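Quantities reported herein were computed from a predicted structural model and do not represent experimental measurements. Lettering follows sequence order; numbering is per chain, from 1.
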Amino acid sequence: MSDYHPQALDSKWQERWQRARAFEVAVDPWRPKFYCLEMFAYPSGHAHVGHVRNYIIGDVMARTKRMRGYNVLHPFGWDAFGLPAENAAIKSGIHPEESTRANIAHMKGQLQRLGISYAWERELATCDAEYYKWNQWLFIRMFEKGLAYRKKSSVNWCPVDNTVLANEQVVDGRCWRCDTLVETRDLEQWFFRITAYADELLEAADHLDKWPEKVLTMQRNWIGRSEGARVTFPLEGDAATKIEVFTTRIDTIFGATFVVLGPEHPLVQALAERSSDPAALKRQVQAFRTQDRTKRISGELEKQGVDTGFRAINPFTKDAVPVWVANFVLGDYGTGAIMAVPAHDERDHEFATKYGLPIRPVVIPIPPVDDVANIEAKMEAEMERARAEAEASGAGSGSVGFFEEFWIEQPMPFTEYGMSVDSGEFSGLPTEEAQKKMIAAARKGGFGEGTVQFRLKDWGISRQRYWGTPIPMIVCPTDGIVPVPDDQLPVELPRVTEFTGRGDSPLAAVPEFVNVPCPKCGKPARRETDTMDTFVDSSWYFYRFADPRNQKQAFDPAAVRYWLPVDFYSGGVEHAILHLIYSRFFARVFRDLGMVSHDEPFTQLLTQGMVLKDGNVMSKSKGNVVDPDSMLQKFGADALRLYVMFVAPPEKEVEWSDSGLEGSFRFLGRVWRLVDHWAPAIHTAPNGPIDVAALNPAEKSVRRKTHDTVRRVTGDIEQRQQLNTAVSAMMELVNELYAFSEHTATGQPGRRAEGAAAPAERAETRLVMREAVEALVRMLSPFAPHTCEELWEQLGHQDGLTHAAWPAFDAEVAKADEVVIPVQVNGKVRGRLTVAADASEQELERAALADPGVTAYTAGKTVVKVVVAKGRLVSIVLSK
RNA sequence: GCCGGGGUGGCGAAACUGGCAGACGCACAGGACUUAAAAUCCUGGGCCGCGAAAGCGGCGUGUGGGUUCGAUUCCCACCCCCGGCACCA
């Protein structure tokens with residue numbers, strides 16, 4: 001056989017796989033399934049090695065599982081809609097459809113040249129009408145269930161181009177095209193009611209035990225659940241006007257010394273009208289509102305507020321407290337209004353200090369138990385003193401004072417839990433209990449109740465763009481919002497030819513698209529001209545893969561029942577929140593439509609680390625992109641695949657290294673020569689099982705290493721996804737096989753003269769080597785499929801490796817029968833015992849104490865203790 | 001600030017259940033083969049000190065403590081790095 005020249009092998013085997021439809025699958029209830037999925041790709045044009053790493057990880061899993069006997073679904077597709085293609089069209093005039101299709105073709109070629117084992121017959125692109133038709137279908141179902149709704153919402157607006165801007169099109173607060181300062185505008189937009197599932201999404205996260213903790217944390221943060229209470233503060237002298245606040249610390253309500261409305265709060269305008277100087281107040285509020293958007297991004301905002309002049313009644317104390325409007329209260333969280341407790345909240349404290357508002361402590365740290373008697377005595381004395389003082393001065397109650405000595409020690413504000421004080425009937429209660437009792441009291445009094453608040457907001461999906469799924473809705477002057485009837489789906493994206501980046505939604509400029517009869521009354525009506533967020537496309541594509549050509553339904557529920565959930569899903573951490581939460585949301589929507597029977601779409605998630613070059617993320621603009629194609633030309637697909645898997649565990653970031661890649665190439669060459677060297681001997685090996693009794697020690701050792709390597713590699717891939725250590729285990733095996741070869745009649749693989757025939761070997765050697773080499777080639781094949789297929793064929797196998805059985809191992813064989821056990825004396829290794837692996841503790845102890853290396857240290861000392869860890873170590877402790 | 005992850009040779013890393021720290025690889029050095037180079041094969045190496053060498057001694061997994069015969073691994077305190085959330089009441 002010739003030297004290792006992988007390039008020719010790559011295309012040879014890729015063609016064979018394709019011809020054999022080797023990776024295409026069908027539902028087969030008799031075999032266990034494995035759905036292996038990598039996040040589908042945005043067709044940006046070129047995949048670099050950073051992208052490609054993810055596909056290789058998935059491919060190693062898919063190929064391994066196939067050999068392990070699973071029916072493996074491993075599909076790929078394209079997240080093909082989106083803004084970049086449209087931006088490119090605006091700049092270059094190339095229609096998004098053309099650029100997208102061209103990019104897909106190129107990237108598909110790249111993946112095929114890497115030998116990724118995809119079921120290409122299931123390929124889909126979200127810009128295909130046969131795909132996005134089902135986006136529209138689902139949208140209408142969600143509309144019917146109240147899960148899709150329309151409301152006013154603000155967008156970035158460029159007043160010069162007269163258009164909505166996506167967040168990515170806003171650069172430093174300015175329009176990406178004309179550099180104009182961006183404004184905000186309110187438009188009617190569509191939302192998905194993901195908040196209806198907030199609690200479920202959060203709770204279910206606890207059961208995603210094969211997801212990285214990091215991702216679950218991010219999702220929990222994003223959902224942001226807080227428990228608290230809503231409490232109503234009626235306006236003083238106008239009980240009909242109520243201010244509802246949300247608080248997580250109702251226990252501090254006796255310390256609420258003012259109320260703050262967010263500038264967006266609906267009541268603000270009304271109060272302004274009735275205030276002493278409406279114009280001034282409105283001006284101030286308007287200032288807060290504009291300040292909000294632009295400044296919030298840039299950094300810390302100084303707290304600013306304005307007194308409305310109105311007062312509200314604290315329902316617990318019955319005190320009237322001032323009502324302010326301030327920039328630090330968010331209009332879209334909670335009720336958009338807060339009660340301010342400066343003594344126990346950082347922000348309220350800062351604000352109160354700035355504007356001279358009263359600060360009233362109502363929580364103190366719980367005193368240590370042994371101080372209680374002491375405190376009671378002090379309390380008595382202090383009350384006595386306060387009473388006397390009050391009497392003497394003729395002033396009101398002085399009872400507040402006595403706690404001073406406790407809170408004075410504490411930072412102000414004191415934000416921790418503790419014990420309520422100066423809180424009427426709730427004084428003396430620990431915070432947790434005060435909260436419960438106060439909520440009960442509020443409910444009883446009809447001015448509040450316990451509630452849960454989420455940070456998560458409903459998902460705004462309207463995009464005023466062209467290259468996306470048209471929203472299948474029609475607005476009729478008489479019937480209002482009417483869905484497009486199912487039998488008229490898909491609402492196809494019309495061919496727009498001019499991309500100016502100016503004006504309305506691009507679709508609004510296509511009259512034949514916009515002007516349609518109302519499906520209900522037949523009178524002229526207008527189509528919705530916005531398109532859907534592309535995250536809608538990617539929230540359910542993994543279901544479509546189960547049944548990608550279905551013309552009648554989004555997917556056949558039976559196919560999904562077989563294939564889903566996805567067993568192994570891998571992709572970048574950048575999708576940890578949005579894509580993965582939206583997909584979990586959609587799974588529940590489909591579930592509630594009766595179409596799927598699981599809650600969670602992805603059983604296991606792996607977030608792969610990025611590949612850096614010179615310490616930076618690869619990007620075209622930085623000019624540090626490593627193009628896989630050039631690497632393929634030099635070293636072949638397998639060296640690249642192997643290197644990327646070997647360099648680090650899959651989740652870790654890695655720094656690209658050309659010499660590391662060369663190292664992997666060298667290793668494959670080493671395997672190649674090993675197999676080439678031993679092939680003749682293996683071909684002439686007798687059939688039948690290995691006669692274990694006839695093996696010499698070296699052969700036994702090779703056999704042990706073989707079985708142990710199979711054990712390690714299998715576990716590393718299947719259980720731990722430690723693909724790097726799987727590779728290093730195989731490298732160890734190869735090293736041992738080389739060392740073994742040196743002592744056989746065949747000599748060292750690399751040293752044999754070209755063409756020289758391998759001398760005859762012991763039959764046992766040939767059998768042991770056959771077992772070793774065939775196991776190696778099969779284990780390595782998920783990493784280096786082309787090379788291994790070729791070697792497998794050379795070893796005399798005709799059926800290919802794709803569905804070859806994964807090597808089995810015998811745990812007994814994998815164990816060493818002799819082990820070297822270190823002996824420690826006072827924690828330092830002083831000797832080594834070579835003993836049978838199953839040597840008893842007594843034997844070990846006796847041998848250890850007799851070891852000359854050990855006796856040199858124990859001589860003349862008293863042995864206090866001997867600890868024996870069977871099969872591992874002996875530890876001897878001497879007296880001082 | 002809150003939450004999560006991490007810190008091990010010149011570098012990427014390994015150590016799976018508390019048991020020989022540094023497997024495997026990169027880079028490097030030496031040797032073999034060669035007229036020579038490349039390729040290949042073999043050998044070496046945590047750091048410091050002593051020694052011509054075999055070897056001997058000490059130190060060593062971010063820092064400081066603790067538990068233990070024994071700690072990269074468990075506990076406490078702290079430092080640093082990465083990521084997420086953040087005027088979220």
Side-chain angles (χ1 to χ4, degrees), chain A residues 3 212-226 228 245-249 252 260 262 292 296 300-303 326-330 332-341 344-348 350-351 415 453-456 573-574 576-577 607 643 646-649 651-655 657-664 666-667 669-670 673 712 715-716 719-720 722 724-735 738-739 741-742 747-752 820-829 832 864-878:
Chain A
D3 288 345
E213 203 50 47
K214 175 174 43 168
V215 172
L216 295 176
T217 304
M218 286 189 212
Q219 295 210 350
R220 290 188 185 110
N221 286 344
W222 188 256
I223 295 170
R225 181 183 199 271
S226 34
V245 303
F246 173 72
T247 176
T248 54
R249 289 296 303 271
T252 63
V260 190
D292 236 9
R296 186 157 293 175
E300 287 299 295
L301 207 55
E302 203 204 337
K303 286 183 184 43
N327 61 353
F328 73 96
V329 174
L330 304 172
D332 58 357
Y333 181 77
T335 59
I338 61 158
M339 65 177 203
V341 186
H344 303 293
D345 181 279
E346 300 277 357
R347 298 150 301 185
D348 299 349
E350 187 189 330
F351 191 81
T415 56
Q453 193 62 48
F454 294 95
R455 204 198 71 99
L456 181 73
V573 233
E574 66 273 21
I577 299 177
T607 50
Y643 164 65
F646 174 61
V647 66
E651 322 77 47
K652 277 205 85 163
E653 261 182 10
V654 297
E655 173 71 28
S657 141
D658 285 332
S659 52
L661 173 60
E662 283 176 48
S664 294
R666 274 200 292 271
F667 172 71
R670 216 165 137 77
R673 286 185 293 277
R712 285 168 63 188
D716 281 352
Q719 262 80 57
R720 308 202 301 157
Q722 291 282 305
N724 54 329
T725 52
V727 175
S728 59
M730 290 187 277
M731 286 173 169
E732 280 184 49
L733 175 62
V734 169
N735 290 346
Y738 264 70
S741 301
E742 196 169 12
Q748 276 279 12
R751 284 180 175 171
R752 206 179 90 218
V820 176
I821 290 190
V823 182
Q824 294 184 344
V825 179
N826 283 347
K828 292 220 157 64
V829 178
R832 283 167 206 286
V864 177
K865 193 174 181 183
V866 180
V867 182
V868 181
K870 201 168 169 252
R872 291 188 186 276
L873 164 143
V874 180
S875 179
I876 297 168
V877 189
L878 303 178

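Using cut-offs of 30° and 60° on the angle between ring planes, the pair A/Phe328 and A/Phe351 is tilted.
A close approach under 4.0 Å does not occur between any side-chain nitrogen or oxygen of A/Gln824 and OP1 or OP2 of B/G19. OP1 or OP2 of B/A13 lies within a sub-4.0 Å distance of a side-chain N or O belonging to A/Lys652. Residue A/Arg455 places no side-chain N or O under 4.0 Å from the OP1 or OP2 atom of B/C87. In terms of phosphate contacts, A/Gln719 brings no side-chain nitrogen or oxygen within less than 4.0 Å of OP1 or OP2 of B/C16. A/Arg220 has no side-chain polar atom (N or O) that falls below the 4.0 Å cut-off from OP1 or OP2 of B/G84. The shortest distance between the side-chain N/O atoms of A/Lys214 and the OP1/OP2 oxygens of B/G5 is not below 4.0 Å. Neither OP1 nor OP2 of B/G25 sits under 4.0 Å from any side-chain N or O of A/Ser664. For B/G19, neither phosphate oxygen OP1 nor OP2 lies less than 4.0 angstrom from any side-chain nitrogen or oxygen of A/Arg832. Taking 4.0 angstrom as the limit, A/Arg673 places a side-chain polar atom (N or O) nearer than this to OP1 or OP2 of B/C41. Side-chain N/O atoms of A/Asn826 include none lying less than 4.0 angstrom from OP1 or OP2 on B/C69. At the phosphate of B/G83, neither OP1 nor OP2 sits under 4.0 Å from any side-chain N or O atom of A/Asn221.
Applying the 90° criterion around 0 to the glycosidic angle, B/G9 comes out syn.
Of all nucleotides listed (B/G19, B/A27, B/C41), B/G19 comes nearest to the side chain of A/Val867. Checking B/C41, B/C87, B/C16 against every side-chain atom of A/Asn327, the shortest atom distance belongs to B/C87. Counting only heavy atoms from C-beta on, A/Val329 has its side chain closest to B/A89 among B/C24, B/A89, B/C16. Closest to the A/Lys828 side chain, of the nucleotides B/G58, B/C26, B/C20, is B/G58.
No contact: A/Asp332 has no heavy atom under 4.0 Å from any strand. Note on A/Pro649: only backbone sugar-phosphate atoms sit closer than 4.0 angstrom, heavy atoms only; bases stay farther off. If you check every strand for non-hydrogen atoms under 4.0 Å, A/Val215 touches nothing. Looking at heavy-atom distances under 4.0 Å, A/Gln722 makes contact with sugar-phosphate atoms alone, never a base. Residue A/Tyr738 is classed as a sugar-phosphate contact, given heavy-atom separations below 4.0 Å to backbone atoms only. Within 4.0 Å of A/Gly663, counting heavy atoms only, lie sugar-phosphate atoms of the nucleic acid but no base atom. Looking at heavy-atom distances under 4.0 Å, A/Ser657 makes no contact with the nucleic acid at all.
Taking 4.0 Å as the cut-off between side-chain N and carboxylate O, A/Glu732 and A/Arg712 count as a salt-bridged pair.
Taking all atoms of both residues into account, the shortest heavy-atom contact from A/Val329 to A/Gly336 is CG1-O, 3.6 Å.
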Enumerate all atom pairs, one protein N or O and one N or O from nucleotides 46-48 of chain B, separated by less than 3.5 Å.
none

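Interface residues of residues 870-877 of chain A facing RNA chain B, ordered by number: A/Arg872, A/Leu873, A/Ser875, A/Val877; criterion, heavy-atom separation under 4.0 Å.
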